[in-house]
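Atoms within a ligand are numbered from 1 in the order they appear, just like the ligands themselves. For this chain, numbers begin at 1 and follow the sequence in order.
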Amino acid sequence: MGYLTIDRKMSLIPPEVIAASNAKLMSAHLADYDALAVRLARENIDIEHMVDRLMTLQVGLPSWGMVSGGTRYARFPLPGEPNNIFEKIEDCSVVHQLTGLTPRVSIHLPWDKTDDYSELRQYAENLGIGFDAINSNTFQDQTGQARSYKYGSLSHSNAATREQAIQHNIDCIEAGKVLGSKALTVWIGDGSNFPGQNEFTDTLERYLESLKGVYAHLPNDWRLLIEHKIYEPAFYSTVVQDWGTSILCAQRLGEKAQCLVDLGHHAPNVNIEMIVARLAMFGKLGGFHFNDSKYGDDDLDSGSINPFQLFLVFNELISAERRAKGQFDPAYMMDQSHNVTDPIESLLNSARAIAGAYVKALIVDRDALKGYQEDNDVIMAHNCLRLSFETDVRPALAMARVRAGGAIDPIATYRASGYRNQKMKTRRLRSDLGGGIV
Ligand code: RM4
Ligand code: MN
Ligand code: MN
């Protein structure tokens with residue numbers, strides 16, 4: 001997508017802390033790495049090649065996930081959590097320093113609004129952080145806003161309200177241009193709470209018309225990512241409720257419009273990996289919001305509930321990448337709400353889950369799999385996936401982190417650094433205790 005790779009000028013975790021923590025674990029790590037190398041070599045897999053591939057994986061961090069999230073009942077703030085986008089970027093930089101996997105932040109406007117986006121870009125660059133997709137927010141009203149989104153935004157029945165929502169998305173593109181972003185993610189909360197409240201076709205027509213207005217302002221090297229969600233905040237119907245509506249809208253809008261799959265935005269048990277395959281086949285898989293979900297929640301830590309599903313999603317991604325022969329570049333981002341953990345620790349764990357799913361998908365023997373599929377050898381075909389998933393690839397992940405200057409054990413290193421304790425002394429404790437996402 002043409003993002004810049006940025007060298008960090010400032011390290012928030014002192015390199016000596018990482019070195020000391022790694023020194024304690026190094027000999028065990030190298031022994032585990034050698035053992036995995038031997039194991040993989042038996043299957044003709046070169047571990048070094050896997051580590052090289054892993055080091056090219058990049059996953060964006062959600063700015064809104066750096067602060068303790070909440071449910072609609074309550075939010076429990078964490079002492080030392082960030083108060084503004086500058087402090088959120090500091091925490092992103094810590095996650096990236098320890099994992100080597102998360103070089104960009106995806107920001108949300110107006111939550112992360114600031115007066116000078118070039119100053120923000122410079123600040124982030126010093127910390128080795130660039131900017132992923134910009135997210136617009138027309139699901140909440142802001143103080144002083146002329147028209148309310150209570151009954152919708154891009155699909156609202158009133159043209160002036162739609163215009164306001166279109167303009168906000170255009171403002172997001174303008175901010176993103178200064179930041180070096182290359183995508184706008186549009187998720188709307190529009191929908192209805194009662195049968196009869198609105199008409200399914202009218203609302204989608206108005207949404208599409210509005211989105212055309214946004215699309216017209218999109219630079220040529222940008223993408224418009226349409227994010228679907230089955231329900232919430234609307235509880236009866238949602239305007240862009242599933243991948244079917246999403247791909248139809250993306251097709252209607254044009255080349256630069258693609259679909260974004262948030263793993264938590266589907267009904268329980270939906271075969272999300274198959275949605276991935278379908279969107280990829282039609283050239284409309286634009287990006288991901290990684291997370292996990294158990295019931296109707298949509299922002300649990302990646303891999304914490306269903307790591308097999310995460311692996312199966314990556315299995316489809318690798319397969320789509322091979323089919324596309326270089327024409328495949330979805331934007332990978334996380335979208336999580338950390339309600340009871342330190343967000344940095346949750347993101348360190350999630351980065352490991354995502355990288356692990358990626359490597360496990362890379363080691364699938366695709367030629368053997370094809371053969372078993374053609375012979376209808378069900379158990380062996382299934383085991384091609386299952387045994388790859390069951391492989392303990394942690395030493396390969398640790399090696400990629402070490403080579404990127406990160407930690408063998410990111411959470412232990414983070415705790416040893418005392419980063420959050422230090423921030424408790426300098427950052428104001430947020431007093432907004434109400435419910436809500438941030
Ligand atoms: C939504 C959706 C969007 C995110 C908001 C905060 O459920 O996942 O991606 O921007 O939450
Ligand atoms: Mn999302
Ligand atoms: Mn969500």
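Counting only protein N, O or S atoms closer than 2.8 Å to the Mn ion (ligand 3) gives 2.
Proximity to D262 (heavy-atom distance under 4.0 Å) selects the following atoms of ligand 1: 8 (O). Residue-ligand proximity, H265 to ligand 1, at heavy-atom distances under 4.0 Å covers atoms 2 (C), 7 (O), 8 (O). Near K229, meaning under 4.0 Å from one of its heavy atoms, ligand 1 places the atoms 7 (O). Contact atoms of ligand 1 toward H289: 9 (O) (distance under 4.0 Å to a heavy atom of the residue).
Residue contacts with ligand 1 leave out E232, since none of its heavy atoms falls under 4.0 Å from the ligand.
Dense packing is recorded around CE of M424, with more than 12 heavy atoms of other residues, nucleotides or ligands lying under 6.0 Å away. Annotation: R323, atom CZ; neighbour count of heavy atoms from other residues, nucleotides and ligands within 6.0 Å does not exceed 12. Shown here is F235, whose CZ atom has more than 12 heavy atoms of other residues, nucleotides or ligands within 6.0 Å. For R415, the CZ atom is loosely surrounded, since the number of other residues' heavy atoms within 6.0 Å does not exceed 12.
Cation-pi geometry between K360 and F311 is not met at under 6.0 angstrom from the ring centre and within 45 degrees of the axis.
Between F308 and H382, the angle of the ring planes goes over 60°, which puts this pair in the perpendicular group of the 30/60° scheme. Classification of the W64-H108 ring pair by plane angle, with boundaries at 30° and 60°, yields perpendicular. The aromatic rings of F314 and F290 sit parallel, their planes meeting at an angle under 30°, below the 60° perpendicular limit. Ring geometry, Y414 versus Y419: the interplanar angle falls from 30° to 60°, so the pair is classed tilted.
When only interatomic distances are considered, the shortest N/O to N/O separation between H108 and ligand 1 falls below 3.5 Å. In terms of polar-atom proximity, E227 is counted as a contact of ligand 1, with an N or O under 3.5 Å from an N or O of the ligand. The distance criterion of under 3.5 Å between nitrogen or oxygen atoms is not met by W111 with respect to ligand 1. Checking only distances, W64 never comes within under 3.5 Å of ligand 1, N or O to N or O. Annotation: D335 places an N or O atom under 3.5 Å from an N or O atom of ligand 1; distance criterion only.
The side chain of D298, and not its backbone, has at least one atom closer than 4.0 Å to an atom of ligand 1 (non-hydrogen atoms only; side chain from C-beta on).
Using modelled atom types, one finds no donor on one side chain facing an acceptor on the other under 3.5 Å when comparing S302 with N291.
Taking the six-membered ring for Trp, F282 and W243 have ring centres at least 6.0 Å apart.
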